[in-house]
Every structure is written in C-alpha cells, then in structure tokens.
**Student:** 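Quick one: the structure is below, questions incoming.
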Amino acid sequence: MARKIGLYGILAYCLYGLFFYWYLFYFADASLPFEYEGSRADPATFLNGRELMLSEEYSKIRNLLFFLSTPFEWLLYLFILLFGLSGVFKKWAEQSSTYKFVQTIIYVAWLSFIAFAATLPLSYISYSLSKTYNISTQSFSSWMKDELIDFWINFGTMAVIAAVLYWLMQKSIKRWWLYAWLLSVPFSLFIMFLQPVIIDPLYNDFYPLKNQELEEKILNLADQANIPAEHVFEVNMAEKTNALNAYVTGIGSNSRIVLWDTTLNRLDDEQILFIMAHEMAHYVEKHIYIGIAGYLLLTLIGLYLAAKIMEAVVARFGKALRIPAVHDIRSFPLFLMIVSMLLFAASPFENLVSRYQETRADTYAIEMTENTDAAIATFQELTRAGRSQVNPPLLVKIFRYGHPSMLERISMLEEFEIEKRNQEKNEQSQ
C-alpha cells in the first residue's frame, strides 16, 4: 500500500507539473485584447522590445515555480510519512528527553530541518531567477541570512503550534480543533501586533521617512482622510531588490505605512502621493480588520476540515503512513500537508476578496488625488520594475493575484479620466 501511495503521489505531481508547463508556455494567452492595443495599458507603449520579452519570460518561469513549489511541499510530507521518518524523529526526541514538551520541540526541529533542506533548492532557483532578470540585487550571503531567519521563525511558530495542538488532542480528541481555534485568535492578533516592531526589523532596517518635505505632504493627505498618522516609514530594500512596493502593516498602535526606498528613488512625489492615498484607503475602509476577521473565520473552517480529514486518512491509510492515531505526534506532517492543501484551495477566494479591496483602494486614491497621469505612470513603473505581465493568464490571476491586473487597474484610471472630462464638458455647457 505504501509503495502504491508513493507511486501515485509522484505520478500525480508529474502530471500536475506537465499540465502547468503546457498551460503557461503553450496554451495560456497573455496578449492584450485588441481593444486595449495602443492604450496606456498596452505594455508596448511604455516598455521597449527587450523589456517586453524579459517580462514574458520571467513571468512564465516564476509562475511555473509557484505552481510546482506548493505541491512539492505536499509530496515531501507524504514521503516523510511513507519512509517512516516521522517515527524516527519521534524516537530521537524520546531518546533526548523525558519531558513531553521538549520532545515535541526536538521532533519539530528535525522535521523543520528536513523540510528546509528539501525546499532550499527551489528557493535558490527562485532567487537565481530574480537575479538573472535583474529583479533581485541581493548578495547570496544576504539571501541566505534571510532564509535562515525564515527557518528559525517558522521553527519557533511550528514548535508552539505542535505543542499546543497535540496537548489539546490528548485532552479532547473530538473538539481539539475548536479549542485550537480559540487559542489561535489571541495568538494571531499578538503576532500581527508584534510583526512591525519585532519580526520585520529582523530582515531590514526601518526608519521614519527622511524626506521631510514629502512626509509633510503625506501627512497632509492623511489629515484629509482623518487618519491619525504621525510618521511614514521607509525601509532599505535597494540592496535586495529593484522592485517597488508600499504597504500597511500591523494593528493598533503598532500599525505602520511603509515605503520601500526603491519606490522613493524611482517615483516622483505625485506618484508616491497616489500610492500613499491607496494605502490610506485600506485604513479608512477597515480592510486590515476585515482581513483579520476573514482570516479567523477561514482558520476555524480550516481546522475543522483538517480534523475530519485527518480522522478519515488515519482510519483508512494509517498503517501505510505509519500513523497509529491522530493524536500521535507522528501525524504532524499529515496535519501540515492537509493545512497546506486547504490554504491552496482557499487562495482563489482570498485573492478575489483582496482584488476587490485593492480596486476599492485604487478608486479611493484616484478620487482623492485626482491625478490620473501620476497614477497610470505609477502602475507602468511597477510593471517595468517587477517584470510583471499586464494581462496574466486566468489560472495565474486566480491563484496568484491579490491585486487586479495592471490591465484592469490602468483601464479603470483611463475610464475615470474620460468620465471626468465628460463631466467637466457638461458643467461648462450648462
């Protein structure tokens, strides 16, 4: 049975990979609909021939890596179970300590190390790709440092999750998922509160915006939106990437609006003000808190489904997977695999909600700044810097895009500009 499961797993992964290779490189059409040709959304109007070619190449390879990496994680956990490595990790943990909590930490340490080592080649391929296409400017040592920080943060988080989960399973085999969710609420909020001041600075240096004249303009914009902002933060990303970004992070008193220094270096003040108005819209429309509520709801549903699926899988395939019971720590790779699958399955819905919120933020920003030229130029520069497709294939958009495509965003701005001109003509004629 174990051999069959392993063989079917490899076969399914190969067929899945071949499908997406065929879809991305031969079937999917990312060309612009003819009605948009020559418009400001047409990449041919703001990218040269080489930039167009590189954007298409980079996007296809990057998208393929995305679709291959997540199922590779599932396959990894499956083979950790089939080869009995999960049982080996448990045995080593029991030999190292008599304390249950310490045993769990040691088990998770071994599991985390194997997962990190197995997925590192894919991470390196992604890093090398971004270097080749001049997205990343990061040195190997700096990249490796970030990978190791990721490892320790993930290990610490997984150790806490595993210790709590399997303690709850021992106490209540039927309702552990509900108690786990109740505990996840304060834990998630605590992590979100700490992230801007504890976690993010592990990767980069954050400081108040150095351009005081620009900061004053941004704070005036915030005042118009009734946002109690005192500082805008910038982060030194130029030593790592040529891409541009700005975002809102954190909750409560630790919430921040952050600008990458690459954005400051490549966009003018009017373009940056449009970006800031966009980020302020997320605050005004409570998108962060709506996102938290949605995340907690999905977590509740996900934990319930994970519990039911684990019970069914262990009952049917427990012997082949070498899992004697759901509440045995050896089932942890199965839990991680199921959660990863559920997250992947839920991503189209999450992205759909995110795209709606981003469209709302774009609308708010353009109504606030009323500068369509700056807004369109911003999106064009974001496309150039990130080597992204203006009109991505459907499956890529569904599974990867938390923002509307650049075609949609620029077209919306052009429509806004036309409506504004028509409105002005009507007012003048009256």
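Given the structure is predicted, the values throughout are model-derived calculations rather than measurements. Computation of the quantities below employed the complete heavy-atom set of this structure, encompassing side-chain atoms and omitting hydrogens, waters and symmetry-equivalent molecules.
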**Student:** Just jot down the ring pair (Phe, Tyr, Trp, His ring centres under 6.0 Å) partners of Phe101, sequence neighbours excluded, or say none.
**Tutor:** none
**Student:** Which residue pairs pass the salt bridge (charged side-chain N to carboxylate O under 4.0 Å, His left out) test when at least one of the two sits in residues 52-75, sequence neighbours left out?
**Tutor:** none
**Student:** Can you sort out the partners of Asp328 under salt bridge (charged side-chain N to carboxylate O under 4.0 Å, His left out), two or more places apart, ordered by chain and number?
**Tutor:** Lys90, Arg330
**Student:** Among residues two or more places apart or on two chains, list those pairs meeting salt bridge (charged side-chain N to carboxylate O under 4.0 Å, His left out) that have a residue in residues 283-309.
**Tutor:** Glu285-Arg360
**Student:** Would you kindly say whether Tyr203 and Asp150 are connected by a side-chain donor-acceptor distance under 3.5 Å?
**Tutor:** yes
**Student:** Using the test ring pair (Phe, Tyr, Trp, His ring centres under 6.0 Å), find all partners of Phe66 that sit at least two apart in sequence or belong to another chain.
**Tutor:** none
**Student:** Run the side-chain hydrogen bond (donor to acceptor under 3.5 Å, both in side chains) test against Arg266 and tell me which residues pass, sequence neighbours left out.
**Tutor:** Glu381
**Student:** Is there any side chain to side chain donor-acceptor pair (under 3.5 Å) pair reaching into residues 152-174, and which pairs are they, with sequence neighbours excluded?
**Tutor:** Tyr166-Ser331
**Student:** Would you please name every residue forming a salt bridge (charged side-chain N to carboxylate O under 4.0 Å, His left out) with Asp146, sequence neighbours left out?
**Tutor:** Lys240
**Student:** When you measure from the side chain of Gln380 to the backbone N and O of Arg40, does any donor-acceptor pair fall under 3.5 Å?
**Tutor:** yes
**Student:** Arg175: which residues meet the salt bridge (charged side-chain N to carboxylate O under 4.0 Å, His left out) condition with it, sequence neighbours left out?
**Tutor:** none
**Student:** Quick check: closest heavy atoms across Leu202 and Ile149, and the distance to 0.1 Å?
**Tutor:** O-CD1, 3.2 Å
**Student:** For Glu408, enumerate each residue passing the side-chain hydrogen bond (donor to acceptor under 3.5 Å, both in side chains) test, keeping only those at least two apart in sequence or located in another chain.
**Tutor:** Lys397, Ser405
**Student:** Checking side chain to side chain donor-acceptor pair (under 3.5 Å) between Ser86 and each of Tyr77, Tyr107, Trp110, which is the one that passes?
**Tutor:** Tyr107
**Student:** Please check if the distance between the ring centroids of Phe113 and Phe151 is under 6.0 Å.
**Tutor:** no
**Student:** Who are the ring pair (Phe, Tyr, Trp, His ring centres under 6.0 Å) partners of Trp176, not counting sequence neighbours?
**Tutor:** none
**Student:** Mind checking ring pair (Phe, Tyr, Trp, His ring centres under 6.0 Å) for Phe25 and listing every partner two or more places apart, or none if nothing turns up?
**Tutor:** Tyr21
